[in-house]
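For reference, the structure discussed in these notes is given below.
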Amino acid sequence: MPYYQTWEEFSRAAEKLYLTDPMKVRVVLKYRHCDGNLCIKVTDDAVCLQYKTDQAQDVKKIEKLHGKLMRLMVSKETHSGAMETD
């Protein structure tokens, strides 16, 4: 399970993975205080995407993506074009 090097690649891949099968995708956030690392993992058991950072500015980006995915998960409308509009 390699880590993505850039945030843009990871966020696009995570959104694409979610939109392919929303019922199977899980999102996991893990913070290790001793290392100061925040890791986000998006998986559907077949594909696993990971991004790790120790930069404070990336935390806001992770929060934004996580919120976007959560809004999609609870919305009742179709997911076909929802990610492109945000």
Side-chain angles (χ1 to χ4, degrees):
M1 295 184 290
Y3 288 94
Y4 276 81
Q5 297 299 315
T6 64
W7 172 253
E8 291 76 21
E9 289 178 7
F10 173 78
S11 63
R12 271 186 263 131
E15 291 170 6
K16 189 175 185 181
L17 182 65
Y18 176 77
L19 291 174
T20 57
D21 193 1
M23 295 304 290
K24 287 188 175 181
V25 173
R26 294 189 313 270
V27 178
V28 178
L29 287 171
K30 183 168 82 172
Y31 178 69
R32 287 182 45 104
H33 181 70
C34 61
D35 298 334
N37 288 333
L38 180 65
C39 178
I40 181 169
K41 179 167 78 170
V42 180
T43 184
D44 68 351
D45 292 331
V47 178
C48 182
L49 310 172
Q50 292 184 328
Y51 182 77
K52 180 168 46 172
T53 186
D54 59 355
Q55 301 296 314
Q57 63 208 24
D58 288 342
V59 174
K60 200 64 164 170
K61 294 176 188 175
I62 291 173
E63 282 182 16
K64 187 175 179 182
L65 174 66
H66 195 251
K68 192 184 298 186
L69 291 174
M70 292 300 122
R71 280 192 306 275
L72 281 174
M73 289 177 188
V74 298
S75 71
K76 295 185 189 294
E77 63 188 42
T78 87
H79 301 296
S80 61
M83 292 302 264
E84 289 82 21
T85 59
D86 287 342

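Predicted model, so just to flag it, every value in this text is computed and none were measured. The first residue of the sequence shown is numbered 1, and numbering continues consecutively from there.
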To the closest 0.5 Å, what do you measure between NZ (Lys68) and CG (Leu65)? 6.5 Å
Heavy-atom check, side chain of Tyr3 versus side chain of Cys39, under 4.5 Å: yes
Atom CG in Asn37, atom NZ in Lys30: separation rounded to 0.5 Å? 10.0 Å
So CG of Asp54 and CG of Leu38: to nearest 0.5 Å the spacing works out to 10.0 Å
Tell me, with the steps shown, if Met70 and His66 meet side chain to side chain contact (heavy atoms under 4.5 Å, CB included). CA-CA 6 Å; Met70 292 300 122; His66 195 251; 3.8 Å; yes
Within a strict 4.5 Å, meaning less than it, do heavy atoms of the Met73 and Pro22 side chains meet? no
Are Val28 and Tyr31 joined in one hydrophobic group, where the rule is that I, L, V, M, F, W and Y side chains link up if heavy atoms are under 4.5 Å apart? no
Are the side chains of Tyr18 and Val27 in contact, using a 4.5 Å heavy-atom criterion? no
Nearest heavy-atom approach of Tyr51 to Gln5 is CE1-O, 4.2 Å
Drop me the distance from Ile40's CD1 to Leu29's CG, to the nearest 0.5 angstrom. 4.5 Å
Is it true that, when you exclude Glu8 itself, more than 12 heavy atoms of the residues, nucleotides or ligands shown sit nearer than 6.0 Å to its CD? yes
Measure the spacing between OG1 of Thr43 and CG of Leu17 and express it to the nearest 0.5 Å. 7.0 Å
Side-chain heavy-atom pair Trp7, Ile62 within 4.5 angstrom cut-off: yes
So, do Lys61 and Asp58 sit near enough that their side-chain heavy atoms are less than 4.5 Å apart? yes
Of all heavy-atom pairs between Val47 and Leu49, which one has the smallest distance, and what is that distance? CG1-CD2, 3.9 Å
